[in-house]
Amino acid sequence: MKILYKIFSTPEETADGFAEEIISLIKTTGEKKKFVSIAISGGSTPKLFFSVLADKYSGAIDWTTVKLFWVDERCVPPDDSDSNYGMTVRILLSKINLPSENIFRMRGEDDPVKEAERYSDVISNHVNHKKDVPVFDIIILGMGEDGHTASIFPGDEKLFTDRKNCNVSVHPVTGQKRITITGKVINNARSVFFLITGSNKSNIVNEIYRNSEVSRMFPAAHVRLKNGKITWFLDYESGKFIV
Ligand code: 6PG
């Protein structure tokens, strides 16, 4: 498995470099295939990246080739300030020409168990498969200060062997329910990107980079692609122990 680390000076430069890479990958993938399937994360880190996409790249690609999914959603309505979908609409989707039929949101306002089942089917119906497992072209992940990724928290490692595409998890501190894609789907993607900034993530980034014993307790360390490539986009602060 190929893993690359790209380290930039500031969060702004990280977001710029990341936007350039994603746009170029959408272009090259879109030349070969009918559509490009992308699953995105929420949280605070992607906000800068989304605003770079909206400001600099709204006219750079044919957005109709993109099918957009989420890796996870907080179980709140879309107009709640916690909604990953709501945040993405405000910063990105309201500013680009991505047709609404290409946007597949997780319905955080619905019953989580039923919604995880429905979204598993949405993925099955709209994403290409290999041996019955969906193959996303691009999955964009973040990582929490506790090493969680998507909404797979420490102790939830069973979500890496779950046979479903999506399931329900619970934030260990706030108790907020989440809907998340499972490790099976993440690890079957063509390209997975981690977008990470901030010194509060630097120790965990270093443990995962060194593939240490301790890193096994962090869900982000369990992202191990079957065939694809993982690229970590880090700012100096988050990557300072590995430079
Ligand atoms: C979410 C996420 C989650 C996020 C990490 C990092 O909905 O919270 O998708 O996995 O990527 O928690 O979040 P920050 O960027 O806010 O640190």
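When a ligand or atom number is given, it counts from 1 through the structure's own listing order.
Among all protein heavy atoms, the one lying closest to atom 13 (O) of ligand 1 is Gly43 CA, 4.0 Å. With hydrogens left out, the protein atom closest to atom 8 (O) of ligand 1 is Arg74 NH2, 2.8 Å, a heavy atom. Nearest protein heavy-atom neighbour of atom 11 (O) of ligand 1: Gly142 CA, 3.4 Å. Scanning the protein for heavy atoms near atom 2 (C) of ligand 1, the closest one is Asp72 OD2, 3.1 Å.
Distances shorter than 4.0 angstrom do not occur between any heavy atom of Glu73 and any atom of ligand 1. Under the 4.0 angstrom criterion for non-hydrogen atoms, Lys201 is in contact with ligand 1.
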Begin from the C-alpha positions of Ile152 and Phe160 and carry the test side chain to side chain contact (heavy atoms under 4.5 Å, CB included) through to its verdict.
-> CA-CA 9 Å; Ile152 306 180; Phe160 276 91; 3.7 Å; yes
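Checked against a 6.0 Å centroid threshold, the rings of Phe8 and Tyr236 do not count as neighbours.
Backbone and side-chain nitrogen or oxygen atoms of Asn84 are examined, and one is located within less than 3.5 angstrom of a nitrogen or oxygen of ligand 1.
Arg74 and Asn84 share a donor-acceptor pair across their side chains, judged by distance under 3.5 Å alone. No hydrogens or angles considered: nothing links the side chains of Thr65 and Asp62 as a donor-acceptor pair under 3.5 Å.
Residue Ala150 holds the heavy atom nearest to atom 3 (C) of ligand 1 of all those in Ala150, Ser44, Gly42, Ala220. In this structure, of Met143, Glu145, His148, the residue bringing a heavy atom nearest to atom 12 (O) of ligand 1 is His148.
The backbone N or O of Cys166 sits less than 3.5 Å from a side-chain atom of Ser120, completing a donor-acceptor pair. In this structure, Ser41 contributes its side chain and Ile140 its backbone to a donor-acceptor pair below 3.5 Å.
Contact annotation: for Arg178 versus ligand 1, heavy atoms closer than 4.0 Å belong to the side chain alone. The proximity of Ser151 to ligand 1, defined as any non-hydrogen pair under 4.0 Å, does not occur for either the backbone or the side chain. When heavy-atom distances to ligand 1 are checked against a 4.0 Å cut-off, Thr45 comes that close through both its backbone and its side chain.
Classification of the Phe153-His148 ring pair by plane angle, with boundaries at 30° and 60°, yields tilted.
Shortest non-hydrogen contact noted between Tyr85 and Glu73 is N-OE2, 3.0 Å.
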